[in-house]
Engineer: 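The following block contains the structure, expressed as structure tokens.
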Amino acid sequence: MPAVLITSPPMAKAPVLTPQSEDFPRWYQEVITKAELADNGPVRGTMVIRPYAYAIWERMQAEVDARIKAAGADNAYFPLFIPESYLKREADHVEGFSPELAVVTVAGGKELEEPIVIRPTSETVIGEFMAKWVQSYRDLPLLLNQWANVVRWEMRTRVFLRTSEFLWQEGHTAHASQLDAHEYAMRILRDVYADFMERELAMPVLRGIKTRRERFAGAINTLACEAMMRDGKALQMGTSHELGQNFARAFDISYLDDQGAQQTCWTTSWGVSTRMMGGMIMCHGDDAGLRVPPRIAGTQVVVLVVRDDENGSVSAVAGRLAAELRDAGVRVRVDADTSTAFGRRATDWELKGVAVRIELGPRDVEGGEATVVRRDQRAKLTLALGEVVARTPGLLEEIQRALFDEAETRLVDSTSAVTSVAEAKEAAAVGFATMPFDAVGEAGEDELAEVALTVRCLQTADGGIPEDPDGEGLVAVIGRAY
RNA sequence: CGGGACGUGGCGCAGCCUGGUAGCGCACCGGCUUUGGGAGCCGGGGGCCGAGAGUUCAAAUCUCUCCGUCCCGACCA
């Protein structure tokens, strides 16, 4: 069946959104407002996540959570309030976080004896309890995760990408050996994060490690997933840290080994946040709005009643179709608000990025047909009504794959291999540049920083995750970043 | 925190220079006509002009301070 592309009317109206090519940050801001994703909160840098976006976040949580559990970690919950003294126990950690801490000094109408920090991350509290819970090598590995909000007083905020308060998942683990900790941190990055991002978010990500200067405060190695947005900038989507024995020593997380000797643990921590929402928006969205990958969409299909007859028979057919789709496992909703013009509703659903729109009008019903529109390509095709339910799941998978392929093509096409920092500066103006890390060096990183470029991650020559952060022959991926 | 731009109904803006206490488009409400890509007509509702101080008979408009937003940096998931 031939698909027909939606054509613009002869006298095109004003665009729904500022085109991405004209002003990408403005497009981002507009799509967030118009697709009803989020509002700014009353306190600087905070956000209100609206139901349409929260449904997507819940899907993200479900998928990430399932993978975390598959990796053996269990969920728990630790308090929002942390004694200030805890933060101070790990030198690099305090230094890294103190500028962005929110601290409670008055509570219950009294000045507190010891200020309470609102968690910027929970390494410290969790470390304290791990120390209590780990006594023997038989208690290891201890694999914990929590879903929580955290607060970091950022200088510059952007909805979803960097807010003062955000939602995330933070995993914290303790291991008997460095190797075990290392392997677990790697496993999380690969089997939980990268797998989730590519399969569910349809976002190709680079897996690599951070340079010394980009490393997490207190970590000995930071693994990361980096994605490319539609404007060519990088977004760090998830991180997994090897904390060495820094926190274990600071919090005395130790155990007796099978020889009866006291040993210090090796810990890791890892997280993904509501930032992924921003990544999804900027990776897939186009000038007509969002394009939400079906697998994480709260709504995958909308059945749109174009207009009804006096008996309400079109709505009736739409309702039955939706029920059948629901039974087939499709997340579907019906838009039978025929008091709003058809074109308006079509445009609104495109803004919200619902993958498939099934348009039903009296003509369709009479002819036993439905008009099916793919959001990714904005192409229409006509299907027999009886075929729709059977065809939809496959169509959703096709769209999921098409979004990934499109993003991957862009990533590959916008990445160029160079040999010098000067060339990298030119190439990274429009995408990523790759070059030998040995040829960058400390001086090179400084030079790149002057033009707002950073080494996003280091990879092996074949694009893998380096086993050794100080190893030789590493490739630096350079780009502008959010 | 530095440099730039900007805060006027829900959203986008005009008015400010040349003070005289608000206007437009979209959205919203009601009615009628419509409905296969952002509806039309008629009639409505909603804003102490970001906040505070000052100048003035009079401030959205002039002055200062603060707060917030966006862009570019420094810092970060």
Side-chain angles (χ1 to χ4, degrees), chain A residues 4-9 11-18 23-26 28-30 32-34 36 39-46 95-100 120-121 150-170 193 210 213-217 222 224-226 235-241 269-279 288-289 304-309 314 337-351 357 359-365 367 369-371 373 378 380 382 449-454 480-482:
Chain A
V4 181
L5 282 177
I6 296 165
T7 51
S8 305
M11 294 292 282
K13 305 202 173 180
V16 176
L17 297 166
T18 298
D23 188 341
F24 197 81
R26 186 162 180 179
Y28 180 73
Q29 211 188 316
E30 287 178 357
I32 284 172
T33 301
K34 296 192 175 174
E36 300 179 336
D39 270 340
N40 284 319
V43 171
R44 194 191 79 90
T46 60
E95 197 188 325
F97 279 110
S98 49
E100 41 187 314
T121 175
V150 284
V151 169
R152 298 181 185 177
W153 219 253
E154 299 289 350
M155 297 176 189
R156 185 173 158 197
T157 58
R158 239 194 264 265
V159 181
F160 291 125
L161 300 176
R162 176 166 297 105
T163 46
S164 293
E165 178 192 6
F166 57 91
L167 305 182
W168 78 346
Q169 144 283 312
E170 49 177 323
Y193 295 163
K210 287 293 181 182
R213 69 176 65 187
E214 298 277 321
R215 220 173 260 167
F216 176 72
T222 289
C225 292
E226 294 281 333
L235 182 72
Q236 180 175 306
M237 296 277 291
T239 50
S240 182
H241 313 288
S269 72
W270 26 276
V272 291
S273 69
T274 37
R275 166 180 274 194
M276 292 192 295
M277 189 74 65
L304 186 61
V305 175
V306 176
R307 65 193 166 81
D308 215 339
D309 56 24
V314 179
D337 175 24
T338 51
S339 64
T340 300
F342 163 77
R344 155 70 51 188
R345 292 180 290 142
T347 306
D348 284 347
W349 288 114
E350 284 179 357
L351 253 172
R357 194 166 68 246
E359 299 175 353
L360 276 182
R363 287 210 299 267
D364 297 297
V365 171
E369 295 175 338
T371 303
V373 191
R378 299 183 80 209
K380 292 191 178 188
T382 305
E450 285 169 17
V451 290
L453 291 175
T454 46
R480 295 168 296 146
Y482 277 97

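Just so we're on the same page: letters track the sequence lines, and every chain starts at 1.
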Engineer: Taking atom P in both B:G2 and B:C66, what distance in whole Å separates the two?
Structural biologist: 10 Å

Engineer: Name the pairing partner of B:G43, where a pair is Watson-Crick or G-U wobble with both distances under 3.5 Å, or state none.
Structural biologist: B:C29

Engineer: Taking atom C1' in both B:G9 and B:G45, what distance in whole Å separates the two?
Structural biologist: 11 Å

Engineer: Scan every strand shown for a Watson-Crick or G-U wobble partner of B:C6, both distances under 3.5 Å, and answer none if you come up empty.
Structural biologist: B:G68

Engineer: Under 4.0 Å between a side-chain N/O of A:Arg156 and OP1 or OP2 of B:C72, yes or no?
Structural biologist: yes

Engineer: Taking atom C1' in both B:G54 and B:G12, compute the distance separating them and give it to the nearest angstrom.
Structural biologist: 33 Å

Engineer: Sort out the partner of B:G12 for me: Watson-Crick or G-U wobble, both distances under 3.5 Å, none otherwise.
Structural biologist: B:C24

Engineer: When you compare B:G19 with B:C57, how far apart are their C1' atoms, in angstrom units rounded to a whole number?
Structural biologist: 12 Å

Engineer: Just the rounded figure in Å: distance from P of B:G12 to CD1 of A:Ile32.
Structural biologist: 13 Å

Engineer: Could you tell me the Watson-Crick or G-U partner of B:C17, where both distances fall under 3.5 Å? Say none if there is no partner.
Structural biologist: none

Engineer: Contacts to RNA chain B from residues 272-279 of chain A, heavy-atom cutoff under 4.0 Å, which residues?
Structural biologist: A:Ser273, A:Arg275

Engineer: So which one's nearest nucleotide on RNA chain B is more toward 5', A:Val451 or A:Thr338?
Structural biologist: A:Thr338

Engineer: Check the distance between B:C11's C1' and A:Glu36's CD and give it to me in whole angstrom.
Structural biologist: 12 Å

Engineer: I need the CD-C1' distance between A:Gln29 and B:G12, as an integer number of Å.
Structural biologist: 12 Å

Engineer: Taking atom P of B:G68 as reference, at what distance in whole Å does atom CG of A:Asn40 sit?
Structural biologist: 12 Å

Engineer: Once you round it to whole Å, what is the distance between C1' of B:G36 and CZ of A:Phe342?
Structural biologist: 6 Å

Engineer: Donor-acceptor pair under 3.5 Å: do we get one between A:Asp364's side chain and the base of B:G36?
Structural biologist: yes

Engineer: Tell me which nucleotide, if any, is Watson-Crick or G-U wobble paired with B:C49 when both distances must be under 3.5 Å.
Structural biologist: none

Engineer: Tell me the partner of B:G73, counting only Watson-Crick (N1-N3 plus N6-O4 or O6-N4) or G-U wobble (N1-O2 and O6-N3) with both under 3.5 Å; none if nothing fits.
Structural biologist: B:C1

Engineer: Using the P atom in both, what is the distance from B:C26 to B:A22, to the nearest Å?
Structural biologist: 23 Å

Engineer: Please find the pair of heavy atoms, one from A:Glu30 and one from A:Thr18, that lie closest to each other, and give the distance.
Structural biologist: OE1-N, 2.7 Å

Engineer: Could you tell me how far apart A:Arg44 (CZ) and B:C67 (P) are, to the nearest whole angstrom?
Structural biologist: 10 Å

Engineer: Would you measure the distance from the C1' atom in B:A58 across to the matching atom in B:G4 and give it in whole Å?
Structural biologist: 34 Å

Engineer: So, is A:Arg158 close to the B:C71 phosphate, meaning a side-chain N or O under 4.0 Å from OP1 or OP2?
Structural biologist: yes

Engineer: Below 3.5 Å, does any donor atom in the side chain of A:Arg357 face an acceptor in the base of B:G37, or the other way round?
Structural biologist: yes

Engineer: Hey, does the side-chain of A:Lys380 have a donor or acceptor N/O within less than 3.5 Å of a partner on the base of B:G37?
Structural biologist: yes

Engineer: Roughly how far apart, to the nearest Å, are B:A51 and B:A59 at atom C1'?
Structural biologist: 15 Å

Engineer: Which one of A:Glu214, A:Gln236, A:His241 satisfies the side-chain hydrogen bond (donor to acceptor under 3.5 Å, both in side chains) criterion with A:Thr222?
Structural biologist: A:His241

Engineer: Only one of A:Val272, A:Thr274, A:Thr121 clears side-chain contact (heavy atoms from CB on, under 4.5 Å) with A:Trp168; which?
Structural biologist: A:Thr121

Engineer: Starting from the 5' end of RNA chain B, give me the residue, A:Leu351 or A:Ala449, whose nearest nucleotide shows up first.
Structural biologist: A:Leu351

Engineer: Suppose you measure atom C1' in B:C49 against the same atom in B:G43; what distance do you get, rounded to whole Å?
Structural biologist: 27 Å

Engineer: For the side-chain contact (heavy atoms from CB on, under 4.5 Å) test, which of A:Val306, A:Thr338, A:Leu360 pairs with A:Val314?
Structural biologist: A:Leu360

Engineer: Can you list the residues that meet the side-chain hydrogen bond (donor to acceptor under 3.5 Å, both in side chains) rule with A:Thr340, with sequence neighbours excluded?
Structural biologist: A:Asp337

Engineer: Please report the distance, rounded to the nearest Å, between CD in A:Glu100 and C1' in B:C1.
Structural biologist: 14 Å

Engineer: Return the nucleotide paired to B:U61: Watson-Crick means purine N1 to pyrimidine N3 with N6-O4 or O6-N4, wobble means G-U with N1-O2 and O6-N3, both under 3.5 Å.
Structural biologist: none

